[in-house]
Amino acid sequence: MYKLRHYQEGSTPAIVSYLAVNKKRNPIVALPTGAGKSLCIADFIQWALTKKRKVLVLSHVREILEQNAATIEKYNDIKVAVYSASIGRKEIGDVTVGGIQSVYRQIDLFSKFDYIIIDECHRVSYDENSMYRQFLSKTDAPVIGFTATYFRLGTGKIYGRDSDHLFDDVVYDWTHKEKFVQLVNEGWLSPLVTEGTGYKMNTEGVRVTGGDFNLADLADKYDREPITEEILDEICAKGVDRKQWLIFAIDIKHADSIAESLNRRGISTIVVHSEMAAYGFDRNKVLQMAKDQEYRCIVNVDILTTGF
């Protein structure tokens, strides 16, 4: 039996109160990373089930789908349907957790849902041809967004009462500095420690594509053994008293180079990327081994990002 933390308890009342007055608007709940958004989602679903309402919970990452489904099941003592090709399940129930990649062409299957929840809702694109936009353009159900960050570089706030924004208002927010510090001081979040790096990367000559650095340019400039070794020297020095490390690599070749160097140094290291199955590694088993601290370091290529 879960007991909500004090800052989680206000999420569902805030959503319900908002929708009671704004039936055609879409609210956002903002909680810092690690504050337990999945429990707030589960609590809202508990309220919805008492009203005989059907809820669809969407996300774009397999790990988030699995986490949300497990939390909702435990919190409400129910069986949750999962609709996701990556998980290997195509089920529909009163409470369904779905991957947007699997559901966006199947709107007819989800037309009877009363509420749609999007976890990590800052990932919803402004592009009308994107998967989320295609799916949501064909439903009248209120859309409830959960995120730790409702401001995006290049576009600004992801909410606003105009036709460009999917979401209208932030109805519950614990991401402001004062609130965040309170959660740290109360012991709900770990204190953050940030350190500058000795190695300074010069991005001159690296193109920007789609608002981010071009990966091919980055790899050409920085996937070089002397650079990798210098950076890893610093990581090993600064991480000597840390239980586990998570490193973000440019691409798969870069990740392999990093992992090989760390393993030679005696740091048990594994790579996580889209091609790991071809290497003979099971992604779920590797992640569980990492959580069990069988690996000191995980080198990740665009997999362990949002929600991990």
Side-chain angles (χ1 to χ4, degrees), residues 33 60-64 100-101 120-133 147-158 164 175 192-240 242 244-279 281 283 286 290 295-308:
T33 300
H60 65 292
V61 177
R62 172 177 173 172
E63 283 74 24
I64 296 177
I100 187 60
Q101 300 91 332
E120 310 296 350
C121 67
H122 55 275
R123 293 297 298 264
V124 176
S125 171
Y126 286 88
D127 183 356
E128 295 299 324
N129 294 316
S130 66
M131 289 182 284
Y132 273 119
R133 293 285 183 166
T147 182
T149 169
Y150 50 74
F151 187 91
R152 307 300 291 162
L153 290 175
T155 56
K157 293 178 180 178
I158 65 172
D164 291 335
T175 62
L192 299 177
V193 179
T194 59
E195 296 189 32
T197 59
Y199 187 91
K200 304 299 181 184
M201 299 179 75
N202 179 0
T203 57
E204 183 179 352
V206 178
R207 293 170 294 173
V208 174
T209 305
D212 209 342
F213 292 120
N214 181 279
L215 295 182
D217 288 357
L218 278 178
D220 183 62
K221 187 167 186 176
Y222 286 110
D223 185 10
R224 301 174 182 274
E225 185 174 353
I227 296 174
T228 298
E229 293 301 321
E230 182 176 344
I231 293 173
L232 291 181
D233 285 345
E234 185 173 1
I235 288 175
C236 289
K238 290 190 173 181
V240 66
R242 299 289 177 172
Q244 284 190 295
W245 310 345
L246 175 60
I247 293 178
F248 295 83
I250 300 169
D251 55 22
I252 292 174
K253 180 175 174 290
H254 188 220
D256 288 343
S257 299
I258 294 170
E260 288 171 6
S261 177
L262 287 173
N263 280 312
R264 285 197 304 269
R265 295 165 182 247
I267 305 294
S268 56
T269 304
I270 192 69
V271 293
V272 175
H273 52 61
S274 60
E275 302 297 326
M276 60 190 299
Y279 286 53
F281 291 103
R283 178 164 149 184
V286 166
Y295 294 108
R296 178 84 179 277
C297 179
I298 310 170
V299 184
N300 156 64
V301 184
D302 203 28
I303 297 290
L304 306 180
T305 54
T306 308
F308 181 73

Find out whether Arg265 and Asp233 are in side-chain contact, i.e. whether some heavy atom of one side chain is under 4.5 Å from a heavy atom of the other.
yes

Between Asp127 and Arg133, the two heavy atoms sitting closest are O-CG, 3.1 Å

Backbone N or O of Arg296 within a donor-acceptor pair of the Ser268 side chain at under 3.5 Å?
yes

For Ala237 and Val240, which heavy atoms make the closest approach, and how far apart are they?
O-CG1, 3.4 Å

Between Lys221 and Ala216, is there a donor-acceptor pair closer than 3.5 Å when you use the side chain of the first and the backbone of the second?
no

When rounded to the nearest 0.5 angstrom, what distance separates SG in Cys121 from OH in Tyr150?
11.5 Å

So SG of Cys236 and CD1 of Ile231: to nearest 0.5 Å the spacing works out to 12.0 Å

Partners meeting side chain to side chain donor-acceptor pair (under 3.5 Å) with Asp220 (sequence neighbours left out)
none

Does the pair Lys253 and Asp223 meet the rule for a salt bridge (Lys or Arg N to Asp or Glu O under 4.0 Å), with working shown?
CA-CA 8 Å; Lys253 180 175 174 290; Asp223 185 10; 3.3 Å; yes

Roughly how far apart are His60 NE2 and Gln101 CD, rounded to 0.5 Å?
8.0 Å

Does the pair Arg264/Glu229 count as a salt bridge with the N-to-O cut at 4.0 Å?
yes

Where the side chain of Ser261 meets the backbone of Ile258, is there a donor-acceptor pair that is under 3.5 Å apart?
no

Could you walk me through whether Trp245 and Ile235 pass side chain to side chain contact (heavy atoms under 4.5 Å, CB included), step by step?
CA-CA 9 Å; Trp245 310 345; Ile235 288 175; 3.7 Å; yes

I'd like to check Tyr222 versus Asn202 (side-chain heavy atoms, cut-off strictly below 4.5 Å). Are they in contact?
yes

Minimum side-chain heavy-atom gap Leu246-Asn300 below 4.5 Å
yes

Please determine, by modelled atom types, if Thr147 and His122 share a side-chain donor-acceptor pair under 3.5 angstrom.
yes

Thr203: which residues meet the side chain to side chain donor-acceptor pair (under 3.5 Å) condition with it, sequence neighbours left out?
none

Would you check if Ile247 and Cys297 make a side-chain contact, meaning some heavy-atom pair closer than 4.5 Å?
yes

Quick one: does any side-chain atom of Thr269 pair with a main-chain N or O of Ile267 as donor and acceptor, under 3.5 Å?
yes

Would you say Val206 and Met201 make side-chain contact, with heavy atoms under 4.5 Å?
no

Centre of Phe213's six-membered ring, under 6.0 Å away, within 45 degrees of the axis: is that where NZ or CZ of Arg207 sits?
no

Rounded to the nearest 0.5 Å, what's the gap from OH on Tyr199 to CG on Leu232? Could you check?
12.0 Å

Ile100 and Met131: which non-hydrogen atoms are nearest, and at how many Å?
CG1-CB, 3.9 Å

Quick check: closest heavy atoms across Asp251 and Ala219, and the distance to 0.1 Å?
OD2-CB, 3.4 Å

Output the distance between atom CD1 (Ile252) and atom NE2 (His273), rounded to the nearest 0.5 Å.
4.5 Å

I need the full list of salt bridge (charged side-chain N to carboxylate O under 4.0 Å, His left out) pairs touching residues 193-202, with sequence neighbours left out, sorted by first then second residue.
Glu195-Lys238

Nearest 0.5 angstrom please: Ile250 CD1 to Asp217 CG, how far?
10.5 Å

Using a 3.5 Å distance criterion without hydrogens, assess whether the side chain of Gln244 forms a donor-acceptor pair with backbone atoms of Tyr295.
yes

Is there a side-chain contact between Val271 and Asp256, using heavy atoms and a 4.5 Å cut-off?
yes

Please report the shortest heavy-atom distance between Ile158 and Arg152, naming the atom on each side.
CG2-CG, 3.5 Å

Under a 4.5 Å cut-off applied to non-hydrogen side-chain atoms, are Val61 and Glu120 in contact?
no

Are Thr175 and Thr149 close enough, and set up right, to give a side chain to side chain contact (heavy atoms under 4.5 Å, CB included), and what steps lead you there?
CA-CA 8 Å; Thr175 62; Thr149 169; over 6 Å; no

